[in-house]
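Keep in mind it's a predicted model, so treat the numbers as computed, not measured.
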Amino acid sequence: EIILVTGVQTCALPICVTHLAFSGDDRFLAGTDDQPGNTKLAVWDMESGQVANLTKQPLLTFLVWGAMVQSERRMNRHPAYHFYAGSDSQIHLYKFEFNVHTMQYSIAASKMAMPSSGLQRKYYSVGMHGGNTFMVAGSSAGELCVFNTETAVFRACIPVSCGGLLALQCSHDEARGQDTVYCGCGDGKLKLLAGQDLDWEMLAETALAGQIRSIGLASDRGLLLAGTSEGNIYLLDAKTLALVGLAEEIGRASCRERV
């Protein structure tokens, strides 16, 4: 019920730690708990091991770090950081900046501008897309929601699945010169989309057994791992989504080769 990291100041996060995310330079670690009405958002400085900031927030469904901006002030050489979080039907923007007067980092919070008609959604998964300009989020309604982080404005909803978009992984296809998103859906479909902002196309699709809860991409972007609610971990070709095998079967084959 608390975060314990060797050499890092502990901070009680009651009930359950729900999300952890490192900044792009690994300097800071953000975490949140699931206490309704009293959710804590903590940020640790990994160099000093101290809690850099602690605030109360609504119950959050994701955390993701965005751009790091170098300071142009002579008196302040500390970079500013941007990170984002989701709650029921809201996307929260946080600017994490060093205050030269207090000699501490502080958080300035704002919200993403949503459609005037409202967008009642829960957001399960998120990723930065096309650098740090766009953020994409998987919704409870099965849409890929696109947000512009520079203008703080909602841009588009792309229907992907009728079972909810539960997991996603952003990447870039060097051969095509396109930014891509792998979408893991509640109906067992795994889809590969390419595009940005308002323009999207589907490049590949496959079906797995169970809800797709997690997706991971190999460092060389050649293979993709997909975990499902059935307890299976699938290994797939990252470009075609062709099934390479189940992780358990691959493990057994490797063992036989070593014998």
Side-chain angles (χ1 to χ4, degrees), residues 1-69 78-99 102-112 121-129 131-132 134-140 145 147 149 152 164-170 184 212-217 225 227:
E1 296 182 356
I2 60 173
I3 292 179
L4 294 175
V5 183
T6 304
V8 176
Q9 179 182 354
T10 62
C11 174
L13 294 181
I15 311 300
C16 178
V17 178
T18 55
H19 302 286
L20 290 172
F22 280 98
S23 60
D25 61 355
D26 294 330
R27 167 74 188 278
F28 294 100
L29 172 66
T32 185
D33 63 28
D34 68 346
Q35 187 175 17
N38 192 32
T39 301
K40 292 184 178 66
L41 172 63
V43 181
W44 287 266
D45 186 331
M46 302 309 291
E47 290 185 356
S48 66
Q50 301 297 307
V51 176
N53 193 274
L54 181 66
T55 59
K56 291 184 178 180
Q57 301 291 333
L59 192 62
L60 301 177
T61 58
F62 70 77
L63 280 175
V64 63
W65 290 81
M68 180 181 69
V69 182
H78 299 270
Y81 299 80
H82 296 268
F83 66 98
Y84 310 93
S87 62
D88 283 350
S89 303
Q90 296 286 343
I91 301 294
H92 304 269
L93 295 79
Y94 301 103
K95 186 175 184 181
F96 188 59
E97 193 172 24
F98 190 79
N99 188 319
T102 62
M103 299 301 290
Q104 293 179 335
Y105 270 91
S106 61
I107 290 180
S110 59
K111 293 181 180 180
M112 191 77 69
R121 302 286 190 274
K122 289 185 178 180
Y123 301 101
Y124 296 127
S125 52
V126 67
M128 303 306 296
H129 186 69
N132 291 306
F134 293 98
M135 182 180 71
V136 292
S139 78
S140 55
C145 299
F147 303 89
T149 61
L165 207 173
L166 308 182
L168 60 81
Q169 174 74 54
C170 295
I212 301 176
R213 300 287 182 82
S214 61
I215 300 175
L217 190 63
L225 283 174

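- For D33 against K40, the heavy-atom pair with the smallest separation is OD1-N, 3.3 Å.
- Here H78 contributes atom NE2 and Q104 contributes atom CD; the two are 11.5 Å apart, rounded to the nearest 0.5 Å.
- Within the model, atoms CG of D25 and CH2 of W65 stand 8.5 Å from one another, a figure rounded to the nearest 0.5 Å.
- Listed here is the closest heavy atom pair of C145 and Y123: SG-CE2, 3.9 Å.
- Between S125 and F62 the shortest side-chain heavy-atom distance does not fall below 4.5 Å.
- F28 and Y81 have perpendicular rings, their planes meeting at more than 60° on a 0 to 90° scale where under 30° would count as parallel.
- Looking only at side-chain heavy atoms (C-beta outward), H82 and L93 stay at 4.5 Å or farther from each other.
- Contact annotation: the side chain of T39 approaches that of T32 to within less than 4.5 Å [non-hydrogen atoms, C-beta and beyond].
- The backbone N or O of Q50 lies less than 3.5 Å from no partner atom in the side chain of D45, so there is not a single donor-acceptor pair.
- Counting heavy atoms from C-beta on, the side chains of M68 and S23 never come closer than 4.5 Å.
- Using a 30° and 60° split on the angle between ring planes, F96 and F83 fall in the perpendicular class, above 60°.
- Considering only heavy atoms from C-beta on, V126 stays 4.5 Å or farther from Y84 through its side chain.
- In terms of heavy atoms, G127 sits closest to L168 at N-CD1, 3.6 Å.
- The side-chain hydrogen bond (donor to acceptor under 3.5 Å, both in side chains) test with S87 singles out one residue from H92, Q57, K111, K122, and that residue is H92.
- With respect to L41, the side-chain contact (heavy atoms from CB on, under 4.5 Å) criterion is satisfied by exactly one of N53, T55, L54: T55.
- Counting heavy atoms from C-beta on, the side chains of P79 and R27 never come closer than 4.5 Å.
- The backbone N or O of N132 lies less than 3.5 Å from a partner atom in the side chain of T149, making a donor-acceptor pair.
- For the pair L59 and D34, the minimum side-chain heavy-atom distance is below 4.5 Å.
- Across all their heavy atoms, M128 and G66 have their closest contact at CE-CA, 4.2 Å.
- With hydrogens and angles ignored, the 3.5 Å screen pairs a side-chain donor or acceptor of H19 with a backbone N or O of T61.
- Remark: L225 CG to Q169 CD distance equals 10.5 Å, nearest 0.5 Å.
- We find the CD-CG distance between E47 and D26 to be 10.5 Å, quoted to the nearest 0.5 Å.
- In plain terms, the two heavy atoms of Y94 and A85 that are nearest each other are CE1-CB, 3.7 Å.
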